[in-house]
2 protein chains.
Amino acid sequence: MPRIDIPRKSIYRLSIYQRCLGKLRENDVDTVSSEALAKAAGVKPTQLRKDLAYFGQFGTRGLGYNVDVLSNTISEVLGHNRLQPVILVGVGNLGSALLRYGGFRKEGFEVVAAFDVNPKRQPDLAIPILAITEMTDFIQQNQVKMAILAVPASAAQIVTNQMVEAGIQAVLNFSPSVLDVPEHVVVNSVDLAVELENLSYFIR
Amino acid sequence: MPRIDIPRKSIYRLSIYQRCLGKLRENDVDTVSSEALAKAAGVKPTQLRKDLAYFGQFGTRGLGYNVDVLSNTISEVLGHNRLQPVILVGVGNLGSALLRYGGFRKEGFEVVAAFDVNPKRQPDLAIPILAITEMTDFIQQNQVKMAILAVPASAAQIVTNQMVEAGIQAVLNFSPSVLDVPEHVVVNSVDLAVELENLSYFIR
DNA sequence: AATTGTGAATTGATTCACAGCT
DNA sequence: AGCTGTGAATCAATTCACAATT
């Protein structure tokens, strides 16, 4: 599978298309043109078609795309047809908000456990909050591959090393720090302060 | 100022460099080479130099960069020397976590008010939570230019229109939707589900 | 001797333009 | 006739290679 040399941004856009297709589905639309879908996703039609072309041919010339078929195909490409288990590390403000945030499940992810240095009880949450010392075992026993990291910058690299050691292959990093990971591990960082700073540059 | 045609990613990286410089400062380092700083920021030295070159020449050949000088310069470029007021709209799980998250202030942003359809009291917060009907006036009276949007997808576009109408020029969007805004408004979107989906693609 | 600053080369992503289906 | 799929062309970002400077 030529996962390499497909632009990462294309993969991002696939998720956006997927969400737009979901809405069309709800409205019982069954066919959509690249023009209409692109508009909903905020991109150009040619870009949408190019993005899809990396994975095959899913449309019908003269007609457009079948909403269900395309949606299923994208699900398959993104590899989230079955529920993917995720752990969350760092149950501070942001961490606990993310736990409560239901949006993941709908998209095929399940936060199966959370870890913190001091695992104070959060009784309104269905998910167990465990001591960080139990993390390695948990990852290994449950074959977890994905982690959400919401610890302070000072702990980020240490915790990451531990997770990677235990078998984590993908990290969604909310800590304001640059993580150093081996080749085979993917990191996506969401840095709130950086996003704000970036915006402030663009307001003249 | 040729703010146009400077890659947006360069601006992002400037923020990262800035943070690394902060750490060096704390450790009383006063000179740093492009190589060392680039390493800390997770980029190549040439890229760092190119990024800086968009704005001028700040280094000394044979020596490197003065940490204070460079840091101040970047602050100036990013335009956050003075505290920038920000409003937050949508005080749900994510929204209230963001309010509690102190990280913004340190980086030059102050959340001056929060808005929600039903402004239930959150007594532990220093910031007033106001009805969304008061938003327009507040924006205009306080000349607020930046907003953090944390409402559900269904409300996102409507609220955005209202904010933009009132004078907001930059939006940090946490809602899972593609926002349609006029030319002069900047949007940065952080879509948690999309980030996870993206990661899940890369774990074979 | 060391390290920046930068034009040229390269690599990558987007858009165009149109051939190919239905 | 309409809309997809795609090679070619353009546009953008990164990296190289080295001249310039301290």
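Each chain gets a letter, A, B and so on, in the order the sequences are listed, and its residues count up from 1. Computation of the quantities below employed the complete heavy-atom set of this structure, encompassing side-chain atoms and omitting hydrogens, waters and symmetry-equivalent molecules. Owing to the predicted nature of the structure, the values given are computational and were not obtained by experimental measurement.
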Enquirer: In whole angstrom, what separates F55(A)'s CZ from dG5(D)'s P?
Expert: 14 Å
Enquirer: Any side-chain N or O of R49(B) under 4.0 Å from OP1/OP2 of dT4(C)?
Expert: yes
Enquirer: Taking atom C1' of dT14(D) as reference, at what distance in whole Å does atom OH of Y12(B) sit?
Expert: 19 Å
Enquirer: Counting distance only, does the side-chain N/O of D116(B) pair as donor-acceptor with the main-chain N or O of G90(B) below 3.5 Å?
Expert: no
Enquirer: Nearest-Å distance, CZ (R8(A)) to C1' (dT11(C))?
Expert: 17 Å
Enquirer: Calculate the interatomic distance between I6(B) atom CD1 and dT6(C) atom P; express it in whole Å.
Expert: 14 Å
Enquirer: Please check if any side-chain donor atom of S71(B) sits under 3.5 Å from a side-chain acceptor atom of Q18(B), or the reverse.
Expert: yes
Enquirer: So, is Q57(B) near the phosphate of dT6(C), with a side-chain N or O under 4.0 Å from OP1 or OP2?
Expert: yes
Enquirer: It should be established whether K50(A) places a side-chain nitrogen or oxygen under 4.0 Å from OP1 or OP2 of nucleotide dT14(C).
Expert: no
Enquirer: Could you tell me how far apart K9(A) (NZ) and dT11(C) (P) are, to the nearest whole angstrom?
Expert: 20 Å
Enquirer: Report which part of the nucleic acid T60(A) touches: base, sugar-phosphate, or nothing (heavy-atom distance under 4.0 Å, all strands).
Expert: sugar-phosphate
Enquirer: Is there a donor-acceptor pair closer than 3.5 Å between any side-chain N or O of E195(B) and the backbone N or O of L172(A)?
Expert: no
Enquirer: Should S34(B) be listed as having a side-chain N or O under 4.0 Å from OP1 or OP2 of dT4(C)?
Expert: yes
Enquirer: Compare side-chain N and O positions of Y65(A) against OP1 and OP2 of dG2(D) and report whether any pair is under 4.0 Å apart.
Expert: no
Enquirer: So, Y12(B) and N188(B): side-chain donor and acceptor under 3.5 Å apart, yes or no?
Expert: yes
Enquirer: Across the strands shown, which category fits T46(A) at heavy-atom distances under 4.0 angstrom: base, sugar-phosphate, nothing?
Expert: base
Enquirer: Please determine, for the side chain of R13(B), which listed nucleotide (dT14(D), dC21(C), dT15(C)) has the closest atom?
Expert: dT14(D)
Enquirer: Could you tell me how far apart F58(A) (CZ) and dT22(C) (P) are, to the nearest whole angstrom?
Expert: 16 Å
Enquirer: Do other residues, nucleotides or ligands put more than 12 heavy atoms under 6.0 Å from the CD atom of E35(A)?
Expert: no
Enquirer: Just how far, in rounded Å, is P of dA9(D) from NZ of K44(A)?
Expert: 20 Å
Enquirer: Pick the nucleotide of DNA chain C nearest each of L63(A) and G62(B); which residue has the one closer to the 5' end?
Expert: G62(B)
Enquirer: Output the rounded distance in Å from CZ (R61(A)) to C1' (dT4(D)).
Expert: 5 Å
